[in-house]
Amino acid sequence: MQAKSEAKQQRSAAGDSQPKATSERAGARVVWEVLCEEAVDVIFGYPGGAIMPTYDALPEYPIHHVLVRHEQSAAHMADGYARATGKVGVVLATSGPGATNLVTGITNAMLDSVGIVCITGQVASNLLGSDAFQETDLSGVTLPVTKYNFLATRAEEVAPMLRKAFQLARSGRRGPVLVEITKDAQMGITDYAAPDMSPVVDTQLPPPPSAEATDAILEMLEEAERPLILAGHGIIAAEASVSLREFVDKTGVPVASTLLGLGGLPASHPRALGMLGMHGEAWTNQAVQHADLILAFGMRFDDRVTGKLSTFARRARKVHVDIDAAELNKNVKVELPLQADIGVALEQLNARIAASKGRFTPWRLNAWHEEIEANRRAAQDHSTASEPTDGQLRARDVLRALWEVTAGDATLVTDVGQHQMWAAQCYRLEQPRKLITSGGLGTMGFGLPAGIGARMGRPKGEVWIVAGDGGFQMTAPEMTTAVQEGLDINIAVINNGYLGMVRQWQEMFFEKRYISTPISAPDFVLLAQAHGLKAFRVTSRDEIKPAMEAARAEPGPTLVEFRVEQEDAVYPMVPPGKSIEEMIRRPKDAEGGDDSERSSQNRGER
């Protein structure tokens, strides 16, 4: 549970638990003092003129700095670190272009509710507003995509602003916080005293649900014959996976997961239905449309989940529990909106169920379970019957093999595109925080740097990065960062010679006009070798597992290029503007329809 786990965290500045005597520090050194207070062990950054005083003080402090090749990657690394560990990720960059290069990574963290703190330099305070060299109004640029922005213009402002930034980043609905520090604030002298070691308190945590709200949910559940849980990223962010499983075991309610909610309930659990939405499982989407009660736990009803809003779960009453009141009744109107930490809410629900003397028993939903299982078997039989038999190497073959080779136990970090959806469908997750992917923003280039961040946060265990040939080229120079850090990571590049997801849309909705989607690439094996990685190439199915095993045996970073079928597509797929029950299950289902129908609501998408 997020609230409980965060409350247990202690600030770990060096020394005893009593405040240190006040002493004078330059603002630059105060930055590192506060990071030590916050138990930061690694940061990701790139130096420059406006942040140079802070970098100059770094060797005096026990914090590891990862030098990236591009500041966008630094933000993605901090993001991946935060998702893998549950801690706050930290970024350091200079002013101007160094700071603006962070914006995509900041936005990615904002849309996926990931806590990171971005510290940037800024020109001297007397130059603000003068269009000085490398001056940018970064607070103005990032205001819509951060939880909060700070600008420190005096050394005495540095410590309180940074402490507040960490508190905001990890409190309530997590998100990115920006702290700009002018050069004179870094060089100025101020009194500094370490704080006491009292527990960190989540100042944005909503109050626990009332007994009336909890009882109302259970009354709706008792009346339902076909209830369904929609489990989102909030389950994982709140460390509520154990509580979710307890609730499911007590009640028998099946669980459909969002992309970022995968792993919140083990995939092997009999009530786990897999992913719902645009590329969700057919039986999962059917369950949503047949349900008479939806329990939405820690998710935000994204358009990729709901499809056409007017038809989404139209037979169901709906309960929505979310930590952010702004999400309640925003996209989908519900009968019972409840602002609460989902971990706290589930604990209270479980306690009430335990005291209910058998009112809720899993077997009372046997007819509902049988209906879902019948739909699952039919969909799987349909999928098996429509599997290509041409012998071509396909991305799905790669992802299935990866799941088998790693026994489903790797931390899987994906880029964005078709391979991302195949990974969500094929790699069955048993634990939370084992899938790290860009959800809300869909950021190409996310995979490699996020994987580096995840590896830094999880030095043990296996990390696989899965990327397409398009997205991988956006941040490929970070291979040298992996080599420089001596990281044991494996990279699988799914190379189909296209911007695959856009090409799929062009095939289905734009008369196969493949405009600007065929993409050339370097020889990925030679490129990886030039960066210092061990590299392999796979062109047939029988080479997949041997290449993976060879990569796993290497102690450092590796790359395996898989040259797959070029015009493959992700199925099922819900066409834009359609209900999630109108999914296309296989290629020939997409045929037909007039031009106006096929081009309606089309968006050129990555």
Side-chain angles (χ1 to χ4, degrees), residues 387-415 417-429 434-437 447-452 454-455 461-473 475-476 478-483 486-498 500 519-568 570:
E387 279 285 321
T389 57
D390 55 12
Q392 292 286 339
L393 174 62
R394 297 180 184 272
R396 282 164 290 186
D397 302 326
V398 176
L399 272 304
R400 288 169 185 155
L402 183 60
W403 178 71
E404 293 170 1
V405 165
T406 61
D409 194 41
T411 297
L412 186 67
V413 187
T414 83
D415 212 275
Q418 289 178 310
H419 67 276
Q420 178 188 31
M421 296 296 101
W422 282 314
Q425 292 172 352
C426 299
Y427 201 94
R428 295 167 55 80
L429 293 151
K434 285 296 189 87
L435 174 65
I436 296 172
T437 192
L448 176 56
I452 291 173
R455 174 84 286 172
E462 196 167 357
V463 174
W464 275 86
I465 298 160
V466 181
D469 49 320
F472 183 70
Q473 292 186 69
T475 51
E478 301 304 337
M479 284 190 286
T480 292
T481 306
V483 172
L487 300 182
D488 183 11
I489 58 173
N490 301 307
I491 305 164
V493 177
I494 309 299
N495 183 3
N496 63 5
Y498 279 103
I519 183 170
S520 60
D523 184 314
F524 286 119
V525 169
L526 293 179
L527 179 65
Q529 291 171 345
H531 281 278
L533 282 73
K534 188 77 172 180
F536 311 87
R537 178 175 291 117
V538 172
T539 59
S540 64
R541 292 184 184 181
D542 58 1
E543 297 173 335
I544 297 175
K545 289 186 178 180
M548 288 179 177
E549 293 292 6
R552 298 176 79 206
E554 290 292 327
T558 67
L559 180 144
V560 187
E561 178 195 9
F562 296 91
R563 293 196 172 177
V564 300
E565 166 62 29
Q566 287 193 284
E567 296 191 45
D568 206 355
V570 182

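Computed from heavy atoms alone, side chains included, the values below leave out hydrogens, waters and symmetry copies.
In terms of modelled atom types and a separation under 3.5 Å, the side chain of Arg455 and the main chain of Asp488 share a donor-acceptor contact. Under the 3.5 Å distance criterion, the side-chain polar atoms of Tyr427 are matched with a main-chain donor or acceptor of Ala410. Lys434 places a side-chain N or O within 3.5 Å of a backbone atom of Asp409 that can act as its donor or acceptor partner. Side-chain N or O atoms of Arg552 include one that pairs as donor or acceptor with a backbone N or O of Val405 at under 3.5 Å. Checked by atom type and distance alone, the side chain of Asp469 pairs as donor or acceptor with a backbone atom of Gly497 at under 3.5 Å. Although no hydrogens or angles enter the test, the distance criterion places a donor-acceptor pair under 3.5 Å between the side chain of Glu543 and the main chain of Ser540. A side-chain donor-acceptor contact under 3.5 Å links Asp397 to the backbone of Arg394.
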* Asked: Could you walk me through whether Arg396 and Val564 pass the side-chain contact (heavy atoms from CB on, under 4.5 Å) check?
  -> CA-CA 9 Å; Arg396 282 164 290 186; Val564 300; over 6 Å; no
* Check the pair Gln425 / Trp422 against side-chain contact (heavy atoms from CB on, under 4.5 Å), numbers first and verdict last. => CA-CA 5 Å; Gln425 292 172 352; Trp422 282 314; 3.7 Å; yes
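One distance of note links CE of Met548 with OG1 of Thr558; it measures 10.5 Å at 0.5 Å rounding. With values rounded to the nearest 0.5 angstrom, Arg537 atom CZ is found 4.5 Å from Glu561 atom CD. Expressed to the nearest 0.5 Å, how far CZ of Phe524 lies from CD1 of Ile491 amounts to 11.0 Å. Between Leu412 atom CG and Leu429 atom CG the span is 7.0 Å, to the nearest 0.5 Å. Rounded to the nearest 0.5 Å, atoms CD1 (Ile465) and CG (Asp415) are 9.5 Å apart. Distance check: Gln529 CD to Met479 CE gives 10.5 Å after rounding to the nearest 0.5 Å.
Shortest non-hydrogen contact noted between Val538 and Ala547 is CG2-CB, 3.4 Å. Summarising the geometry of Ile494 relative to Ala395, their closest heavy-atom pair is CG2-CB, 3.7 Å, with the distance given to 0.1 Å. Closest approach of Ala423 to Thr414, counting heavy atoms only: CB-CG2, 4.0 Å. Minimum interatomic distance between Gln418 and Gly500 (heavy atoms only, all atoms of both residues): OE1-CA, 3.2 Å. Closest of all the heavy-atom pairs between Cys426 and Leu399 is CB-CB, 3.8 Å. The shortest heavy-atom contact between Leu527 and Ala476 is CD2-CB, 4.4 Å.
Every residue was checked against the side chain to side chain donor-acceptor pair (under 3.5 Å) condition with Ser520, not counting sequence neighbours, and none meets it. Partners of Trp464 according to the side chain to side chain donor-acceptor pair (under 3.5 Å) rule, which considers only residues two or more places apart in sequence or in another chain, are Glu462.
Annotation: side chain of Pro522 is in contact with side chain of Gln473 (closest heavy-atom distance under 4.5 Å). When side chains are defined from C-beta on, Leu402 does not count as touching Ile544, because their heavy atoms never get closer than 4.5 Å. Using a 4.5 Å cut-off on side-chain heavy atoms (C-beta onward), Leu559 and Phe472 make contact. Proximity of Leu487 to Ile452: side-chain heavy atoms (C-beta onward) are separated by under 4.5 Å at one or more points.
No side-chain N or O of Glu478 forms a donor-acceptor pair with one of Thr475 less than 3.5 Å apart. For the 3.5 Å distance criterion, the side chains of Asn496 and Gln566 fail to qualify, holding no donor opposite an acceptor.
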